[in-house]
Amino acid sequence: EGEYMNWLRRDREYIGAATYKKEVEIPASWQEKAVFLTLPRVMWTSEVFIDGRRAGACDSLSAPHVYDLTSFLSPGRHEISVRVDNSEREGGCVHGYGFHTQTIWNGVLGDLRLSARDKLFIADVKITPFPEKKEARVDLTVKNKTKELLDADVYITFSREGKVCAEQNAYLTACPGESPLSVLVPFCGEMKLWNCFEPSFYEAAVTVISEGERRLADTKKLRAGLRTFEARGRHFYLNGEKISLRGTHDGMTFCLTGCP
């Protein structure tokens, strides 16, 4: 008689901390760059050390762990150590952590990478549409990792099916650290809204370029579905129309193969 199982089971299970190490060579061309390490999916916490020096820690099951290693990585050879701990945390009863859905694995998944960018870059972009006015507000956060004020030009475009539908330019004085900026972008003609039956998308591009002899630049591209969503009383409204929502959950159901 075999043992009854109603969830996934690993042949070899390990709960606790594990350290992964790798030696890297930082090129001379990264001397004046901002350097980041991205760990796309981690189970559950991570802690990074560069040549034995602690660079930081992250705690998230749902978002990438991103480390700013600019002050730790100079051109030359370095050892990167990533300590991952898949021990249960407070609030551990979630679908991202459990034997019922995906097992409690240990490590990092996805495209692990070191990347370099200019020290003036776009850290975040948020788009809010206003269909009645045929315009969208673009809220961006620009990071300046130099020690000086930088005057910069900002260029924003929305394209659809290869045609530019909206564009706007702006000006920004970026202080060392973070600088927010909000820009209203008018659309030419109709603003095509996203809905679940006609999922229309725009290709949005935001570029920041510093002025002066030392030109620093960054571009962030997004695939944006513009829509409004709100609650009025006991109902939800998508693009001004009342909708009903329902959901289904198939917890790692692979009826044909028994595995992903």
Side-chain angles (χ1 to χ4, degrees), residues 34 36 38-42 60-66 95-96 102 109-113 115-118 120-143 152-172 178-209 216-232 235-253 260:
F36 295 88
T38 301
L39 310 176
R41 182 134 185 250
V42 180
S60 177
L61 278 174
S62 58
H65 294 195
V66 181
H95 283 102
Q102 57 180 315
L109 298 179
D111 184 13
L112 286 67
R113 66 171 55 194
S115 58
R117 57 205 307 189
D118 284 348
L120 181 72
F121 60 89
I122 301 165
D124 188 53
V125 176
K126 179 182 177 182
I127 301 170
T128 304
F130 299 99
E132 67 282 358
K133 298 181 180 180
K134 294 185 179 179
E135 64 183 19
R137 188 183 70 230
V138 179
D139 298 304
L140 59 146
T141 301
V142 175
K143 277 194 176 182
D153 296 309
V154 179
Y155 305 94
I156 302 172
T157 62
F158 287 83
S159 302
R160 185 169 175 268
E161 297 176 350
K163 180 181 178 182
V164 175
C165 306
E167 57 184 333
Q168 187 64 281
N169 301 336
Y171 181 81
L172 170 71
E178 294 188 352
S179 297
L181 179 68
S182 293
V183 182
L184 286 175
V185 183
F187 275 65
C188 303
E190 178 189 11
M191 175 185 284
K192 187 71 173 177
L193 298 181
W194 179 98
N195 65 62
C196 53
F197 300 106
E198 297 181 16
S200 176
F201 291 94
Y202 288 90
E203 301 298 326
V206 182
T207 299
V208 57
I209 304 176
L216 305 177
D218 187 34
T219 296
K220 197 172 187 69
K221 295 182 178 181
L222 307 94
R223 188 167 181 251
L226 305 182
R227 55 101 183 106
T228 62
F229 186 83
E230 59 182 326
R232 300 182 205 160
H235 299 284
F236 292 121
Y237 290 80
L238 175 65
N239 300 330
E241 297 185 4
K242 185 168 69 174
I243 63 169
S244 297
L245 301 178
R246 65 178 183 179
T248 183
H249 170 63
D250 293 318
M252 301 296 285
T253 303

Mind listing the side-chain donor-acceptor pairs of residues 186-200 below 3.5 Å, one per line with the distance, residues two or more places apart or on another chain?
| from | atom 1 | to | atom 2 | distance (Å) |
| --- | --- | --- | --- | --- |
| N195 | OD1 | F197 | N | 2.8 |
| N195 | OD1 | E198 | N | 2.6 |
| S200 | OG | R160 | NE | 3.0 |

Report task. Please test I243 against Y237 for side-chain contact (heavy atoms from CB on, under 4.5 Å), starting from the C-alpha separation and ending with a verdict. Result -> CA-CA 6 Å; I243 63 169; Y237 290 80; over 6 Å; no

Requested in this report: Verify salt bridge (charged side-chain N to carboxylate O under 4.0 Å, His left out) between R137 and D139, making sure each step is shown before the conclusion.
Outcome: CA-CA 6 Å; R137 188 183 70 230; D139 298 304; 3.0 Å; yes

Query raised in the report: Could you go step by step and tell me if K133 and E135 meet the side-chain contact (heavy atoms from CB on, under 4.5 Å) rule?
Result: CA-CA 5 Å; K133 298 181 180 180; E135 64 183 19; 3.5 Å; yes

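Counting heavy-atom neighbours within 6.0 Å of E132 CD, excluding the residue itself, gives a total above 12. For F130, the CZ atom counts as densely surrounded, since its 6.0 Å shell holds more than 12 non-hydrogen atoms of other residues, nucleotides or ligands. More than 12 non-hydrogen atoms from other residues, nucleotides or ligands lie less than 6.0 angstrom from CZ of R232.
Between L112 and P40, the closest side-chain pair of non-hydrogen atoms falls below 4.5 Å.
The heavy-atom pair separating V125 from K220 by the smallest distance is CG2-CD, 3.7 Å. Shortest non-hydrogen contact noted between L245 and F236 is CD1-CD1, 3.9 Å. When all heavy atoms of D118 and A34 are compared, the closest pair comes out as O-CB, 4.3 Å. The minimum heavy-atom distance between I127 and A204, with the atom names listed, is CD1-CB, 4.0 Å. Contact between A63 and S60 at its shortest, heavy atoms only, is N-OG, 3.0 Å. Taking all atoms of both residues into account, the shortest heavy-atom contact from A170 to L181 is CB-CD2, 4.3 Å.
To the nearest 0.5 Å, atoms OG1 (T128) and CG (L184) are separated by 10.0 Å. Rounding to the nearest 0.5 Å gives a distance of 9.0 Å between CD1 of I122 and CG of L222. Annotation: the span from E178 atom CD to L140 atom CG amounts to 11.5 Å, rounded to 0.5 Å. Rounding to the nearest 0.5 Å places CG of L238 at 6.5 Å from OG1 of T228. Interatomic distance, R41 CZ to S62 OG, rounded to the nearest 0.5 Å: 9.5 Å. Considering OG of S115 and CZ of F36, their distance stands at 7.0 Å, rounded to 0.5 Å.
The backbone N or O of Y155 sits nowhere less than 3.5 Å from a side-chain atom of N169 that would complete a donor-acceptor pair.
Every salt bridge (charged side-chain N to carboxylate O under 4.0 Å, His left out) that R117 has, sequence neighbours left out, goes to D218.
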